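One structure is given below, encoded as structure tokens.
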Amino acid sequence: MRAVINNPSGDSPVCFGDVDEPVPAPHEALVAIRAFSLNRGELALLGIRPEGWRPGQDIAGVVIESAADGSGPQPGARVVGMVEQAGWSERAAVSTSRLTVLSDELTMEQAAALPMAGLTALRTLRIGGSVLGRKILITGANGGVGRFQVQLAALSGAVVSAVTTQAAQVAEELTALGAAEVVADVESATGPFDLVLESVGGAALTGALATLVPGGTVVVLGSSSGEKAPLDVYNFIGHEGARLQNYISYAATDPDDVDLAILVSLAASGRLVATPGHVSGWGELGKIVERMRQRELPGGKVVLVVD
């Protein structure tokens with residue numbers, strides 16, 4: 001079958017090749033992949049993983065062979081799920097604990113946008129507990145994760161301040177998704193905040209801590225700026241009892257199939273907008289990777305169709 005292969009020494013970061021068909025374990029279904037999405041963390045892996053490694057985590061497709069142990073969806077079911085690697089392929093073996101069936105209302109492109117970004121948004125928001133009536137600050141709000149965080153926080157009854165360097169260009173979009181205000185930097189946000197979902201790092205992280213109410217929480221889930229944030233005990237003066245909580249996706253313990261089903265239900269009902277920011281055929285993958293690295297694409301998820 002055809003698949004995407006890591007190509008760190010080539011002119012393009014990835015190339016296409018013929019690989020062996022996947023052999024599912026008893027708890028895995030064989031899925032024909034129709035679409036997949038790209039995550040920024042995967043772009044970093046392309047540069048450090050060896051030649052021949054096969055990337056890809058977020059997938060949407062159709063079950064062509066159900067799991068031998070009897071679990072999970074049956075052949076013909078439209079599904080969305082996650083794999084650890086090798087998802088940028090024509091077919092993949094996927095654990096049934098990481099799959100959920102799609103509603104007819106969702107396209108494959110919408111479904112492919114959900115897994116990593118949607119689960120990260122859902123789970124980072126959970127760390128803050130009940131947010132009904134509380135003020136939340138979200139940095140990196142124009143990204144795939146950030147857009148889902150804005151929507152889920154607003155759906156949960158929070159008052160959301162969205163921070164993005166593209167504030168002037170996307171304020172109307174993020175407001176439509178539920179943001180009460182859209183600003184270009186943390187210092188411009190109307191605090192103080194009970195919860196901060198922080199994915200930028202550097203000055204954004206130190207600034208976010210300064211906006212907290214006493215006892216508030218900063219959930220640290222990324223460092224897209226690449227900058228270190230100098231913090232010491234003096235940053236907590238006036239914010240006594242505040243806590244920093246990290247979120248690492250691979251260490252999450254909530255069941256993937258259950259949480260994916262929540263996201264699918266919300267998207268199918270129209271309460272969660274899962275429309276990708278950019279869709280291309282997977283033959284454009286090399287160019288898309290470079291454009292993502294240069295931040296030349298619109299906000300939201302980038303999805304590629306297997307054609």
Side-chain angles (χ1 to χ4, degrees), residues 2-4 12-14 16 31-46 54-63 78-92 94 98-122 140-152 166 170 173-174 177 224 249 256 259-260 263-268 270 272-307:
R2 195 172 184 228
V4 175
S12 174
V14 293
F16 288 88
V31 177
I33 298 172
R34 300 287 185 257
F36 59 82
S37 68
L38 279 64
N39 299 297
R40 289 206 170 271
E42 292 169 326
L43 302 190
L45 290 178
L46 294 177
R54 292 175 52 203
Q57 293 180 283
D58 295 355
I59 61 100
V62 178
V63 174
R78 299 169 69 250
V79 293
V80 61
M82 294 183 70
V83 290
E84 287 302 314
Q85 59 184 18
W88 299 352
S89 309
E90 290 184 313
R91 288 172 287 282
V94 187
R98 309 189 80 186
L99 276 177
T100 197
V101 174
L102 288 178
S103 301
D104 292 340
E105 292 86 355
L106 291 182
T107 66
M108 288 292 180
E109 293 84 355
Q110 289 172 309
L114 287 172
M116 180 63 77
L119 292 176
T120 299
L122 180 67
N142 192 42
V145 173
R147 287 186 171 221
F148 285 137
Q149 287 174 326
V150 167
Q151 293 182 76
L152 292 172
Q166 301 297 310
V170 300
E173 292 178 62
L174 293 179
L177 294 179
S224 62
S249 60
D256 290 332
D259 282 351
L260 282 170
L263 295 170
V264 165
S265 176
L266 289 171
L272 183 69
V273 177
T275 303
H278 181 87
V279 178
S280 294
W282 72 330
E284 299 294 311
L285 180 57
K287 295 178 183 178
I288 293 299
V289 168
E290 292 299 338
R291 291 184 68 190
M292 284 184 67
R293 285 175 171 168
Q294 298 302 318
R295 299 187 180 275
E296 295 176 351
L297 295 173
K301 292 292 293 181
V302 174
V303 171
L304 299 184
V305 177
V306 178
D307 48 16

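Nothing here was measured: the structure is a model prediction, and the numbers come from that model.
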Output, in order, the C-alpha distance, side-chain angles, deciding distance and verdict of salt bridge (Lys or Arg N to Asp or Glu O under 4.0 Å) for Glu284 and Arg291. CA-CA 11 Å; Glu284 299 294 311; Arg291 291 184 68 190; over 6 Å; no

Closest approach of [X] and [Y], non-hydrogen atoms and distance?
X      : Y      : value
Val302 : Leu297 : CG2-CD1, 3.7 Å
Ala121 : Val145 : CB-O, 3.9 Å
Ile33  : Gly87  : CD1-O, 3.1 Å
Leu99  : Gly81  : CD2-CA, 3.9 Å
Ser89  : Val306 : O-CG2, 4.1 Å
Val62  : Met108 : CG2-CE, 3.8 Å

Worked verdict on Leu152 versus Leu266 for side chain to side chain contact (heavy atoms under 4.5 Å, CB included): CA-CA 9 Å; Leu152 292 172; Leu266 289 171; 3.7 Å; yes

Could you work out, with side-chain hydrogen bond (donor to acceptor under 3.5 Å, both in side chains) as the rule, every residue matching Glu105, not counting sequence neighbours?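 Counting only residues at least two positions away or on another chain, Glu105 forms no side-chain hydrogen bond (donor to acceptor under 3.5 Å, both in side chains).
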
Once side-chain hydrogen bond (donor to acceptor under 3.5 Å, both in side chains) is applied, do any residues pair with Asp58, and if so which ones, sequence neighbours excluded?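 Per chain and number, Asp58 pairs via side-chain hydrogen bond (donor to acceptor under 3.5 Å, both in side chains) with Ser37, Asn39.
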
Within a radius of less than 6.0 Å around CG of Asp104, do more than 12 heavy atoms belonging to other residues, nucleotides or ligands occur?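 No.
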
Beyond-backbone contact of [X] with [Y], side-chain heavy atoms, under 4.5 angstrom:
X      : Y     : value
Leu38  : Trp88 : yes
Leu119 : Met82 : yes
Val83  : Arg54 : no

Taking the side chain from [X] and the backbone from [Y], do they hold a donor-acceptor pair closer than 3.5 Å?
X      : Y      : value
Glu42  : Gln57  : yes
Lys301 : Thr275 : no
Gln151 : Val273 : yes
Gln110 : Ala274 : no
Arg2   : Phe16  : no
Arg78  : Ser103 : yes

Could you go through the side chain to side chain contact (heavy atoms under 4.5 Å, CB included) check for Arg147 and Asn142 one step at a time? CA-CA 6 Å; Arg147 287 186 171 221; Asn142 192 42; 2.7 Å; yes

Is a side-chain donor-acceptor pair under 3.5 Å present for Arg40 with Ser224?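 No, because no side-chain N or O of Ser224 sits under 3.5 Å from a partner of the opposite role on Arg40.
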
Does the distance from a Lys or Arg side-chain N to an Asp or Glu carboxylate O, for Lys287 and Glu290, drop under 4.0 Å?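 The answer is no: the pair does not qualify as a salt bridge.
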
Output, in order, the C-alpha distance, side-chain angles, deciding distance and verdict of side chain to side chain contact (heavy atoms under 4.5 Å, CB included) for Met292 and His278. CA-CA 11 Å; Met292 284 184 67; His278 181 87; over 6 Å; no

So, taking the atom named CG in Leu114 and the one named CG in Asp259, what distance separates them when rounded to the nearest 0.5 Å?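 The CG atom of Leu114 sits 12.0 Å away from the CG atom of Asp259.
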
Enter the distance from Leu304:CG to Arg34:CZ here, rounded to the nearest 0.5 Å.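 The CZ atom of Arg34 is 15.5 Å from CG of Leu304, to the nearest 0.5 Å.
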
